[in-house]
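Below you'll find the structure, written out as structure tokens, and then a few comments.
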Amino acid sequence: MLRINYLHGITATFRNWNFPTKYFHSLHQNKPRTPTRHKFAKTSKNPVKSFDVEPKVYMRDTISNIYKILKCSTWDSAETQLKQLPIKWDSFTVNQVLKTHPPMEKAWLFFNWVDKVRAFKHDQFTYTTMLDIFGEAGRVSSMKYLFQQMQEKGLKIDVVTYTSVLHWLSKSGDVDGAMETWEEMRGKGCFPTVVSYTAYMKVLFDNKRIKEGTDVYKEMLNSGVSPNCHTYTVLMEYLFGVGKYEEALEIFNKMQEAGVKPDKAACNILVEKCCKAGETWPIIRILQYMKENYIVLRYPVFLIALETLRAAGESEALLRQVHPHISVECIDNERVVEYKGNDSEAPLSLDRELVWVLLKKQNLLAIDGLLTELLNKNIQLDSEMMSAVIHVNCNRCRPDGALLAFKYSAKTGIELERTTYLALIGCLIRSNTFTDIVEIVAEMTRAGHSLGVYLASLLIYRLGCARRPTCAAKIFDSLPDDQKCVATYTALVGVYFAAGTADKGLKIYKTMQRKGIHPSLGTYCVLVAGLEKLGRVTNAEAYRKEKKILQKDAYFRESIPMEEKICDLLFAREVVS
């Protein structure tokens, strides 16, 4: 009875103290009861202080917080917040922050700011990550500047850094520079890894340097480095691209025998290559492997494979089995643009009826052949039917078929709907086909349709990213005067900066000012970023000061014109974020 009362007393004591339950894990169960009773009496004077432990802060939360500061604040505000953070700045922390990919300009400002923090020094890891950021953004000159800094400071430059540099040089089109980087790496005694071997092989194969690429592969094998899945994928991609399907599938089988299984990325790349070549039998072999290993295609690649099998008259059964989660019937319902025709008018001619039947069956290759024949005979179809043909071709990622239908319409005088022209422009941009866009915009304008300020600015900017300044200038010149505003002018300025001609970009900016069009925050963002990229630091600093003045004045403006809002939406990153 005494023991029961004792236990009740202990329970009541814990209930009154409101201890956390984890405290029970610290009790020693085998201790005598009487001494334990005296110990509780001694330690019960101030129990709350004993358990007042601060919550643990994890590094991932710290990195996430710094990323939000850089992304959502202006640099002046971000710098103030960074100084107040109670953390020790070391290489690991800085490297992890840079790997979150904050806005590039702020990443660079952060990189330079932390270099001035006491007891901190950049090393090969932080430099390599910053190199990657510049390389991915296409800032090759800035990347080279950082690489030169590493050499001047005597920092260790390992195989990872060299591989990153040669990869981004190749991406920018500087194949010779990539090859020189490889030779420099070997000359410095850096032993290539499977990643660097694979990256260099891809550079050579993509640029038709077959002998050099083959020699690098043999060198890799002789040095005892085992190929990985990506290495095999690069080899098979090249072989599929030159039509050596048997050799590619032989590698596909041998890599599995060597214990390296093709992954999802490899299967998607190979199927897409086969589809572009119009070869279906390798697709069947790869789909069989995917079925056995529960691998699926990405949705866009699935659609291309479906179109390729249908065009060749092959069965879709295996493709459906590999992708049971995708309903092919739903795709057809999504993509078929219903053609209603004009029932009140004359019935369809034989040619129109044939196009309509082929459209319903999604036999686009047959439609291409029929349109070519009708074009030579100068037989005209109606606008609604041609819009349907163009939409279906665009949805099926067939820019050639869509262009054929457009040229047929233009030659026979058919005026299409505005959405049809826009769908065609979008399809060409996605497929990196820019030569016909100017003609399409001209036909669109002739038909009485307008791009609008937003779409015009976006199109001009996209042509600038593709290094097509002539096409962009023609699009700008074709715009009506009321659409030649701050947004479209800013887009055109950005075009010339992307093409590496700063003087032409500044000339366009001066023309805009002479016409009484005031720059917005987006305009200054384009000017500062473009001039810095081209090494015009002094000019960039002058426009940065003007930008700060405009930012201060923006708080006192009652309203902002729509053209300026569009310009800021497209080009002022800090405003959007």
Side-chain angles (χ1 to χ4, degrees), residues 57 59 61-91 93-122 126-127 129-131 133-134 136-137 139 142 145-146 149 486 490 493-494 497 509 518-560 564-577:
V57 179
M59 178 56 72
D61 298 325
T62 302
I63 299 300
S64 177
N65 182 38
I66 298 172
Y67 168 75
K68 290 176 182 177
I69 291 173
L70 292 175
K71 181 177 184 295
C72 303
S73 308
T74 61
W75 172 247
D76 292 337
S77 173
E79 185 178 7
T80 303
Q81 295 177 65
L82 291 173
K83 290 178 180 178
Q84 296 172 352
L85 291 176
I87 62 174
K88 180 182 178 181
W89 294 103
D90 54 22
S91 170
T93 304
V94 173
N95 200 31
Q96 292 301 309
V97 171
L98 292 173
K99 284 186 176 181
T100 61
H101 277 269
M104 188 191 63
E105 182 180 353
K106 292 177 186 174
W108 177 235
L109 291 169
F110 169 73
F111 184 87
N112 288 298
W113 172 81
V114 78
D115 190 35
K116 300 174 184 176
V117 174
R118 186 178 180 182
F120 174 82
K121 286 186 178 181
H122 282 297
T126 55
Y127 263 95
T129 305
M130 195 66 220
L131 281 172
I133 293 173
F134 279 137
E136 188 176 1
R139 303 288 185 89
S142 301
Y145 169 73
L146 272 184
Q149 265 195 356
V486 62
T490 300
V493 170
F497 282 145
Y509 173 71
H518 300 290
S520 70
L521 289 175
T523 310
Y524 285 120
C525 286
V526 170
L527 287 168
V528 172
L531 290 169
E532 282 184 344
K533 177 182 177 181
L534 298 175
R536 307 276 286 268
V537 181
T538 305
N539 292 348
E541 191 58 34
Y543 287 115
R544 183 179 280 109
K545 291 179 181 178
E546 293 184 22
K547 176 186 171 185
K548 289 183 178 179
I549 296 173
L550 182 62
Q551 284 178 316
K552 292 179 181 178
D553 295 339
Y555 292 104
F556 302 98
R557 298 177 65 181
E558 295 181 359
S559 62
I560 300 177
E564 286 190 33
K565 289 182 179 179
I566 292 173
C567 186
D568 293 343
L569 177 66
L570 291 173
F571 305 111
R573 294 181 180 178
E574 61 264 34
V575 173
V576 178
S577 59

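Throughout, residue positions are numbered sequentially from 1 according to the sequence presented. As the structure is a computational prediction, the values presented were derived from the model and not from experiment.
Heavy atoms only, all atoms of each residue included: F571 and G522 are closest at CB-O, 3.6 Å. Closest approach of L70 to A78, counting heavy atoms only: CD2-CB, 4.4 Å. Between S520 and D568, the shortest heavy-atom distance links the atoms OG-OD1, 3.1 Å. When every heavy atom of A107 is checked against every heavy atom of I133, the shortest pair comes out as CB-CD1, 4.3 Å.
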Could you walk me through whether N65 and T62 satisfy the side-chain hydrogen bond (donor to acceptor under 3.5 Å, both in side chains) test, starting with their C-alpha distance in whole Å, then the side-chain angles of each, then the deciding distance to 0.1 Å, before giving a yes or no?
CA-CA 5 Å; N65 182 38; T62 302; over 6 Å; no

Could you walk me through whether H122 and V114 satisfy the side chain to side chain contact (heavy atoms under 4.5 Å, CB included) test, starting with their C-alpha distance in whole Å, then the side-chain angles of each, then the deciding distance to 0.1 Å, before giving a yes or no?
CA-CA 9 Å; H122 282 297; V114 78; 3.5 Å; yes

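Atom CE of residue M130 and atom CZ of residue F110 lie 10.5 Å apart, to the nearest 0.5 angstrom. The OG1 atom of T100 lies 8.5 Å from the CD1 atom of I66; values are rounded to the nearest 0.5 Å. With rounding to the nearest 0.5 Å, the separation of CG in L131 from OH in Y145 is 12.5 Å. Atoms CD and CD, on E532 and E105 in that order, are 6.0 Å from each other to the nearest 0.5 Å. Separating the CG atom in L82 from the CD1 atom in I87 is a distance of 8.0 Å, to the nearest 0.5 Å. Note that the NZ atom of K106 and the OH atom of Y67 stand 10.0 Å from one another [nearest 0.5 Å].
At a threshold of 4.5 Å between non-hydrogen side-chain atoms, the residues Q149 and Y127 count as touching. Side-chain contact between T93 and K88 is absent, with no heavy atoms from C-beta onward closer than 4.5 Å. Contact annotation: the side chain of M104 approaches that of R139 to within less than 4.5 Å [non-hydrogen atoms, C-beta and beyond].
A distance below 6.0 Å separates the ring centres of W89 and W113. Ring centers of Y543 and Y509: under 6.0 Å apart, within the cut-off.
For the side-chain contact (heavy atoms from CB on, under 4.5 Å) with K99, the qualifying choice from T126, T129, V94 is T129, the only one to do so. With respect to Y524, the side-chain hydrogen bond (donor to acceptor under 3.5 Å, both in side chains) criterion is satisfied by exactly one of K548, E546, K547: E546.
Using modelled atom types and a 3.5 Å distance limit, the side chains of T523 and T490 yield a donor-acceptor pair. S64 and D61 share no donor-acceptor pair across their side chains, judged by distance under 3.5 Å alone.
Remark: the backbone N or O of F111 is not paired with any side-chain donor or acceptor of D115 at under 3.5 angstrom. Judged by distance alone, the side chain of H518 and the main-chain N or O of E564 form no donor-acceptor pair under 3.5 Å.
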